[in-house]
Protein chains: 2
Amino acid sequence: MADPQDRGARAPSAGGRRRDGATTAERILDAALASFAGRGYDGTSLDALAASLEIRKQTILYWFPSKEVLLEAVTDRSAAELSEALEAALLRAGTGWSRVEAVVRSVFRLAVRRPELLGLVREMGRLGPPAATRFIAAMDPLVARASTFLETEMDAGHMRRHEPRLLLLAIYSSVIGMLTEVEVLRAFGEEPTARSLVRRRAEILDLLRSALLTGEG
Amino acid sequence: MADPQDRGARAPSAGGRRRDGATTAERILDAALASFAGRGYDGTSLDALAASLEIRKQTILYWFPSKEVLLEAVTDRSAAELSEALEAALLRAGTGWSRVEAVVRSVFRLAVRRPELLGLVREMGRLGPPAATRFIAAMDPLVARASTFLETEMDAGHMRRHEPRLLLLAIYSSVIGMLTEVEVLRAFGEEPTARSLVRRRAEILDLLRSALLTGEG
DNA sequence: CGATCTGTCTACCATATGGTAAGTGAGCGA
DNA sequence: TCGCTCACTTACCATATGGTAGACAGATCG
């Protein structure tokens, strides 16, 4: 019954609110996202996940009848959140470079505020068709919108001509690159500061601006 | 005894050659690299690895006394191979943009010819200090050399001024981005062709050129 | 030939993992 | 108060996993 997408996960909104206002299912989703993004899907055990939440593994399996269903739920929610954030940035006023910059800034902001989302995106690469396809399909309308926008700007002569999807990829890669650098720094024992990240972002924006902008900016 | 780095792995050169000319240890390293890069460290079981080689798990543990030592061996060898390839590209004649382009091209070539190497680099991100630190340390001299080269070029006015390590990261991210796109395409069921990859590379080189080059080229 | 070494194997083992079965207790409508 | 559902628990289980111990075959060497 219900919709065919539903593989058995209960509605996360069900169940009473806890002291902190989050339902158990929501807390599980949050922790699972963080763990999948940080330690990977295979590196995450339901036992460890449950322990971090101070609940029993079977509570997780009560809300999400299998680990795979949990992954799907995490994926769907993350795709929705990403779409929402970027959609909002795209809708913001402005045209030409200022709009591109606004979107890129919002991507960076998201990467700093919710690095788990980007971490999950990276994890998607290894998780084959079942999860990744779903995720990509969920993001597709947004990608199409962004591509159209970039194309319009190029047609208007505000930007150097490039393949729009490649540009998106370049922006995405820049963010991933920044995240990578954060990890590299951590591996060397230096905790990256918010200041240094902001400086990085400025540099990357500068790089992108040089690459994209025509004289008419 | 031996050197303190040696955690017990036997010398991979030991043991008789097989029909195909590779020792057992080398075959294990090859398969482990592919699997670690493709399915991740946690997603790789010694049993599955052994099965893919048509040997028994205990043969793996004979050559590499633990999974972790195997990872270290894979990491070290990959770092060496990466270093070697990029060092060779750096040593190639030329200055200014043509030299940058030569290096970038060699990175792409490597990414296409041995995607496992780049996949392992990406995997390094999640694998904490033990493995990642080792890998980064092994790559560090090369990064320093490349940074120096870029700085020289900027001083000579051949290139727009940027933070050299950031530039390296941008180049690296472009390659990773290309790989990511390959996975995205696969997720959609389209096998990326060599032609499309070459076209991508050309676009990325163009992007980088726009971003980096000054009038003096 | 007999001893030893090398490379691989079979036989196990303890633990961890995803998952099932069967409760338990609080809250709630009749 | 009876019965039911909801949220979560304890008690298991089969399998997979990394790892140990030891046997065995073939090559090497005295």
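Throughout, protein chains are lettered first and strands after them, A, B, ... in sequence-line order, and every chain is numbered starting at 1. Keep in mind the model is a prediction, meaning the values are calculated, not measured.
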Protein-nucleotide distance ([X], atom [atom1]; [N], atom [atom2]), rounded to Å:
X: B/Ile55; N: C/dC9; atom1: CD1; atom2: C1'; result: 11 Å
X: B/Leu46; N: D/dT20; atom1: CG; atom2: P; result: 11 Å
X: B/Trp63; N: D/dG19; atom1: CH2; atom2: P; result: 18 Å
X: B/Lys67; N: D/dG19; atom1: NZ; atom2: P; result: 8 Å
X: B/Asp47; N: C/dC12; atom1: CG; atom2: P; result: 17 Å
X: A/Asp42; N: D/dG18; atom1: CG; atom2: C1'; result: 15 Å
X: B/Ile28; N: C/dT8; atom1: CD1; atom2: C1'; result: 11 Å
X: A/Ile60; N: D/dA7; atom1: CD1; atom2: C1'; result: 14 Å

Think [X] has a side-chain N or O under 4.0 angstrom from the OP1 or OP2 of [N]?
X: B/Thr24; N: C/dT8; answer: yes
X: B/Tyr62; N: C/dT8; answer: no
X: B/Ser66; N: D/dG18; answer: no
X: B/Arg56; N: C/dC9; answer: yes

Can you confirm whether more than 12 heavy atoms, excluding those of A/Glu84, are under 6.0 Å from its CD atom?
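Count not over threshold, so no.
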
Select one nucleotide: of D/dC8, D/dG19, C/dG19, the one nearest the side-chain heavy atoms of A/Gln58.
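Nearest to the side chain of A/Gln58 among the choices is C/dG19.
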
Base, sugar-phosphate, or nothing: which does A/Ser45 touch, judged by heavy atoms less than 4.0 Å apart?
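Result for A/Ser45 = sugar-phosphate.
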
What contact category does B/Leu61 fall into here, base, sugar-phosphate, or nothing, at under 4.0 angstrom with non-hydrogen atoms?
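Contact class for B/Leu61: base.
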
Tell me the closest heavy-atom pair linking A/Ala50 and A/Arg56, and the distance in Å.
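Minimum heavy-atom separation between A/Ala50 and A/Arg56: CB-C, 3.6 Å.
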
Measure across B/Leu120 and B/Ala37 and return the closest heavy-atom pair with its distance rounded to 0.1 Å.
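Of all heavy-atom pairs spanning B/Leu120 and B/Ala37, the closest is N-CB, 3.6 Å.
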
Distance criterion of 3.5 Å, no angle test: do you see the side chain of B/Lys57 paired donor-to-acceptor with the base of D/dG18?
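Checked by distance alone, the answer is yes.
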
Any salt bridge linking A/Arg77 with A/Asp30? Criterion: basic side-chain nitrogen under 4.0 Å from a carboxylate oxygen.
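Salt bridge: yes.
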
Salt-bridge criterion met for B/Lys67 and B/Asp42 (N-O under 4.0 Å):
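No, no charged N to carboxylate O under 4.0 Å.
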
